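One-based numbering along the sequence shown. Small disclaimer: the values here were computed from a predicted structure and weren't measured. The figures that follow rest on heavy atoms only: side chains count, while hydrogens, waters and symmetry mates do not. Whatever order the structure lists them in is the order used to number ligands and atoms, beginning at 1.
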Amino acid sequence: MTTATGRLTFDSLDPATGAVVGTHPVQDAAAVRAAVAEAGTAAVWWAGLGWAERRRRLLDYKAVITRNLAGIAAAVHDETGKPEADATLEIVLAITHLDWAARNAHRVLGPRRVSPGMMGVNIAATLEYRPLGVVGVIGPWNYPVFTPMGSIAYALAAGNAVVFKPSELTPGVGVLLAELFAEAVPEHGVFRTVTGLGETGAALAGDPGVGKIAFTGSTATAKRVMAACAANLTPLVAECGGKDALIVDEGADLPAAADAALWGALSNAGQTCVGVERVYVVDAVYDDFMGELTRRARKVRAGEDYGPITMPAQLDVIRRHIRDAVAGGRAVLGGPESVRAPFVDPVIVEDVPEESASVREETFGPTLTVKRVADVEEALEKANASAYGLAGTVFSGNARRAVELARRMRGGMTAINSIISFAAVPSLPFGGVGDSGFGRIHGADGLREFSRPKAVSRQRFALPGMNLTSFTRGQKELDRLVRLVTFLHGRQKR
Ligand code: NDP
């Protein structure tokens, strides 16, 4: 049996050394179909367990992950090249989300009575959120635990089974996550992983047995996934990266802002969907900020403080953006020579024209463009002038102005005087607008994303003389209705 690519297996590599760290099957459309069908059976069992038992099992899974933290971090390090300390951090965040989803699913999604309103005094109205069945999760390689778990944990807590297709760069981590789940839930394959290349993901997106796809990756691939979903009207939540900006306002704590900008830009070698790629600094503090930034940046080393570029093809994008940036702006630190594959040293370029590819397109590398602006209004205008709209950061000494800026910043999340702090708050939804995608993972919105609302209206008693949905209805009943609606809604409110 061969797949369309003619390959039966593929290797996952250590991006720092090129060593093979695992070999996995390329699962074809038939294998994906079988996995989805089996997950469908498991989904019925899982949904039937009820809120309390699912919560217990998910908390067990959380404990299994926590006990295996070191082993998972090693697997993440092997396949992404990131330092184990950073891998540990992303796993801890995933644990926090799993815990929140498990503990809050019943409260957010469980049946509740809602007010029927004056027109429905004889109706008992209830609302609940039912699972979708099988959720297909197509994951990225940059945070192979934290990012997919943002969908997997919430989908499971909502009562769905999950079929997970990890990136071909991090299949071992994906397999491990499902294996560990089976320790907490051995009875049925409620969470299973399928491995393969892009076509395995395409098969999952196009499978009619899938109730929803949660995709994280590039905007271009999201469009292909959406087209595959269209065949079955399968809904999609898409998280597609960004070109996030950090704004430095007057009165900001400049050492903290510089520290945050650097972490946001360089950690994980810049391969972070909510990483900082652009900085806008108001004129009054520009020189001091740049002093802080460059002094700190000189001490950061690729290969020590952060790992290699995980996806080899990304090096071409990074190289192109660096060349583009230094051609139009002034290199403050590094330049084209900073790319020494598979590592890229920090690159900071100032005054790059806003229409440059390095300012407009996602770089996904350890680079930063910095721009001097007259005031925060100009900073906001430039920050928002992007096809992307995922997240952003504001550093300011004025809390009120910072909150106002954050609210007006295009994108789903903004951190103030901190970096990416929203990702660590499980009750906050996560997702973008525009080319950054749509839909939300995390929080109550993330739980609802993986369920469908079910509305039930039960008539408790018949309203005498008010049977309006009957062919026996007379003019008197209609007159009564008009009098009532005029009383309720006909007066002008001040
Ligand atoms: P892709 O968008 O190509 O891949 C993301 C996931 O989709 C992977 O699991 C991939 O599988 C899968 N996939 C690929 N083709 C299809 C398809 N036709 N149907 C269904 N699933 C598919 O991202 P890349 O990994 O190639 O990275 C490219 C760029 O995407 C990066 O340079 C970066 O800019 C952006 N990106 C953004 C991320 C984010 O966090 N938002 C994460 C990762 C990348 P496979 O790996 O097997 O091809």
Would you mind listing which atoms of ligand 1 come within a distance below 4.0 Å of any non-hydrogen atom of [X]?
X	answer
V225	19 (N), 20 (C), 21 (N)
G196	47 (O)
F215	2 (O), 5 (C), 6 (C), 7 (O)

Which heavy atom of A157 sits nearest a heavy atom of A102, and at what distance? CB-N, 4.3 Å
Considering non-hydrogen atoms only, spot the tightest contact between A47 and R54 and give its length. O-NH1, 3.0 Å
Between ligand 1 and [X], can you find any atom pair, the residue atom being a heavy atom, that is separated by under 4.0 Å?
X	result
L197	yes
G242	no
Y143	no

List the closest protein heavy-atom neighbour of [atom]: residue, atom name, distance to the nearest 0.1 Å.
atom	value
atom 38 (C) of ligand 1	F364 CZ, 3.6 Å
atom 27 (O) of ligand 1	M311 CE, 3.4 Å
atom 42 (C) of ligand 1	P140 CB, 3.3 Å
atom 17 (C) of ligand 1	G198 O, 3.6 Å
atom 41 (N) of ligand 1	G241 N, 3.0 Å
atom 39 (C) of ligand 1	C273 CB, 3.4 Å
atom 25 (O) of ligand 1	W141 NE1, 2.5 Å

Tell me whether [X] contacts the main-chain N or O of [Y] through its side chain, where contact means a donor paired with an acceptor under 3.5 Å.
X	Y	result
N384	R408	yes
T193	G174	yes
R319	Q314	no

H97 ring center within less than 6.0 Å of Y61 ring center: no
Is it true that R340 and D345 make a salt bridge, defined as a side-chain N closer than 4.0 Å to a carboxylate O? yes
Please determine if E183 and R67 form a salt bridge, counting it only when a charged side-chain N lies under 4.0 Å from a carboxylate O. no
For the residue pair F146 and F430, categorise the inter-ring angle as parallel (less than 30°), tilted (30 to 60°) or perpendicular (more than 60°). perpendicular
Counting heavy atoms only, which of [options] comes nearest to [atom]?
atom	options	value
atom 5 (C) of ligand 1	T216, I138, T272, V317	T216
atom 32 (O) of ligand 1	K223, Q314, E362	Q314
atom 9 (O) of ligand 1	G201, A313, G139, S218	G139
atom 11 (O) of ligand 1	K165, E361, E168	K165
atom 1 (P) of ligand 1	T221, T310, I309	T221

Are V163 and D207 side-chain neighbours, meaning at least one heavy-atom pair lies under 4.5 Å? no
Atom 19 (N) of ligand 1 protein-contacted (non-hydrogen atom, under 4.0 angstrom): yes
Which is it for E79 and S12 under the side chain to side chain donor-acceptor pair (under 3.5 Å) test, yes or no, and what are the steps along the way? CA-CA 7 Å; E79 290 193 325; S12 76; 2.8 Å; yes
Taking atom CZ of R130 as the centre, does the number of heavy atoms from other residues, nucleotides or ligands within less than 6.0 Å exceed 12? no
Going by distance only, is there an N or O of C240 that falls short of 3.5 Å from an N or O of ligand 1? no
